[in-house]
Amino acid sequence: MTDKLDVLQGTLDLILLKLLQAGPANGWDLSLSIQTVSRGVLDVNYGSIYPALRRLEAKGLVVGSWAASDNNRRARFYQLTPAGRKQLAREKADWSRFSDAIGLILAE
Amino acid sequence: MLRGFLTRLRARLFRGRHEAELAEELRYHLEREIERLVAAGRTPAAARAEALRGFGRISEHQDDVRKAWRWSWVAEIGQDVRFALRGFRREPSLVATVMLTIGLGVGPAAAAFTLFNAYVLRPMPVLEPAALEAVEWSSRDRASRNFSTRQYEELTRLPVVAGAVGYRVFTTRSEGRQTAGEFVTGNYFTMLGVRPALGRVLLPGDAEAAGGGQVAVVTHRYWRSRLGGDSAAIGKTLSIRGTRLAIVGVAAAGFDGLAGHAPDYWAPITIAPVVEGTPDLLTREGGEPLAVVARLRRGVSPAEATAAIEGWLRLSTADRPLEERVIGVTLTSKETLNPLTFDLLLGLAPLIAMFALVILAACANVASLMVARGVARQRELGVRLAIGAGRGRVVRQLLTESLLLAVPAAVVGIAASRLMIAAVLRIMMVAIPDSYLAMLRLAPLATDARVTLFAAAVAIGSAVIFGLLPALQATRPDLVRATRGELGDDLRPSRVRRILVAAQIGVAALLLIATGLLLRTNQRGKQLSLGFDPAGVMIVRVADHARERVIQHLREWSPAGGVASTSMVPMMEGTWAVSVQRARTDTLVPAWALEVSADFFTTLRIPLRSGRAFTEDEGNGLAPVAIVNESMVRRMGDQTVILTRPGPKQEPVTRTLRIVGVVPDIATGWIGFGTAQPTIFLAGPLTEPRRGLLVRTADASPAGARALEERLEATDPGAIDAIFSLSDAFVVSTFPLVLGTWIGLLIGTIALFLTLSGVYGVMAFTVARRSREIGVRIALGASAGRVMRLVLRETMTLAGWGIAVGALLAAAVAAVVASGIPLVRVIEPLVYLGGAAVVLAGCLLGAAVPSRRAARVQPLEAIRAD
């Protein structure tokens, strides 16, 4: 694994949970969203998204199912579970505290 | 969580399908990405290449995903072990500290277990030891009875018994040394299945003719130490009470008979009447010369056998007077030297508790270190948790590290136990006088499979204790903080660690103060005013048939001194427990009693406070007179007492005695019981058989004893059964206290060392953890001294609590012990202060380096550090 992957592993889960809050999506949709929403700043190794999704599924935070995508081909869609929603809220809270603290230190 | 579990389970069960699904997902993504890139203007080939690049190495990801699903225990354990070993190579000092600490904790316990194993757990080296039972019976008038020759033969023929051996222990002096032997029935060796190491064993033929069979088989130990350990031993003779026995064989190594005390030789039972000087020993009606060990028939339980034997004895003793009939039969397992009973474990409970305390202290110490290490590795652990390793997985990995450390710790523990045993044996050799040392026979204290298993089990148990708590604490799910390398909640782990250190300090204080109390008891014992002068007095045990002649000779040779007999030798043997009262209506007072001959007080140089000593006539006639000690006079006055004593037929015997003299308090029983017990001396004859003789001589050194023995040997060969000096008896009397003190010192020192390193570990870690806070304080103007005081103050608080609790526990234990052993005193301010001071010094020493390090923290570096 490269260093880049290491650093992002913890936050990638957070990003995916957040994106899934808007509604069910498949892996390709999610990778597109990341690029778009972050305005190209976040550069994710797309291949890491699928393991991350499987991990989230293994932890019971999302659930996956096969369905037809918008181009009528079969794709796996992921959806947040109630546990996932709770975890998202927790991690959002943590993240904002974290960034606030950084902000305080960086402030003049 | 349940959903996650089910998903994982499903994946495990349908693994093939799962992988296919994953491949399909990836394929879908790839296609969509290629489409997008082509739509954005790339050529299909370029689009494909770019799409694959952005994807990374698929196989790597597939592997990664597979790992998230796989529950392959064996592969994971292998991983854990390799990971742990890599970590250890980076931190050799930690490994060494843990090994040493746990090893020192396990060592004393393993040493004690080696002893326990040798005496209680190791099976006897005979055939089918599990079926062997020692048989005793009791009647109304006597609690423990053996068997006559006829009874033994009848017992052998009982259906529940497959075979039985009889033996009789006999001790005398032979060639200037105490020699213990067993007279055994002819089938002894054949029934037990003991082979000879040299020559032959005793055979049934040796015990056929009455008075015949002047042969002996020696123990392996005796052969090595006294006969040169070579084949020339066969054919040599042993002189036992003047009878010469030809040595025909050496028993196999490791067999030391079935009785508790290892003998030097075995001889046929038929020789016993000759040697002991009682021709009707084996034939006398009502005589019970034989102790019996029976092998139960296969399938017969001890309960069945007990019932059967009792039934037979009821018939056998039916025509005896009522109080001589059987009332009970006791079977004691002879599978091991001492049977493992609940009572035994209960009696050993305090010792077990002490060793457990030391082990727990070692665990607490290492747990502290592990917690500190867990915090230092917080980032690494946090990343692993974030990657997706379950908490259980990480805990398992940390636990594997702990277990891997346990193995070398067990090895260190075993080595430490052997050192400790060697040290204790050395102490025994030095502290016990030679004359008694010759009688000491210890079971071989080898480190066999059981001991090794025990050490390993204790080490592994310790690993679980010291590894689990820190592992659980270090893997608390807290992703963001974890990746930042920050510990969560400050207060909780700190409190746990503080309690651990305080507990260790308490254990060290308890052990050291207890040792100090023992030391003081020891001192008091050595300086105890015995009330008599033991120097120059010899204790002589004489064969009954030669008693009168020996007494005559002794009187001739030591005119200045005296010769006296006593029912029990002071300090060596207990006394009779009796009750006394002034008048029939008075309350009964417990007292000690001895029956002594007329010259007892002059021989021992015991001054008379008032009145006179017994006369020889009074002694010979068992006159109703008594001499009492001052403690008795204080309770009873000095006129008449009525003595009540348990009689031969379980009915108390009462005598009215006139007090003719008063002596000061003297030490009659074990010195631990002190001298202040009311004691009464009864008049008895000098010639009473089987009683010890006290002889005052000019020279009671070992050389003098030898000279006396030789003189007696010349006139009455084989008459002397034992000869010791009373001073030696006194030294032996203090020996339990000496041994206790040394062992307490050893274990206390270990506990102190553990405390020292524990305090060091915790303080060092705390300083490192709070270096930022310390840096801020220094930056704000705190002096180095203030910072040091801060660290030391924390140490002192912990030490204060620990020492207080430890001292209280020590006092409680001392109070319990002192109620049984008056020589121990609970209030010894110097001991408590001394113990507290030593422990405090240890704590301060342990905190010295960390506190200096705290004072040297560079403020800017500390604040900047992550």
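Letters A, B, ... mirror the listed sequences (proteins, then strands); counts begin at 1. Small disclaimer: the values here were computed from a predicted structure and weren't measured.
Heavy atoms closer than 4.5 Å to chain B are found in the side chain of Leu32(A), but not in its backbone. Contact of Arg74(A) with chain B is made through backbone and side chain together, with heavy-atom distances under 4.5 Å.
Residues Tyr28(B) and Arg76(A) form no side-chain contact, since every pair of their non-hydrogen atoms from C-beta on lies 4.5 Å or further apart. With a 4.5 Å cut-off on side-chain heavy atoms, Arg32(B) and Asn26(A) do not count as touching.
Applying the side chain to side chain contact (heavy atoms under 4.5 Å, CB included) rule to Val791(B) yields the partners Met763(B), Val767(B), Ser851(B), Ala854(B); only residues at least two apart in sequence or on another chain are considered. By the side chain to side chain contact (heavy atoms under 4.5 Å, CB included) test, Glu31(B) pairs with Arg73(A), sequence neighbours left out.
Taking CH2 from Trp28(A) and NE2 from His29(B), the interatomic distance works out to 8.0 Å, rounded to the nearest 0.5 Å.
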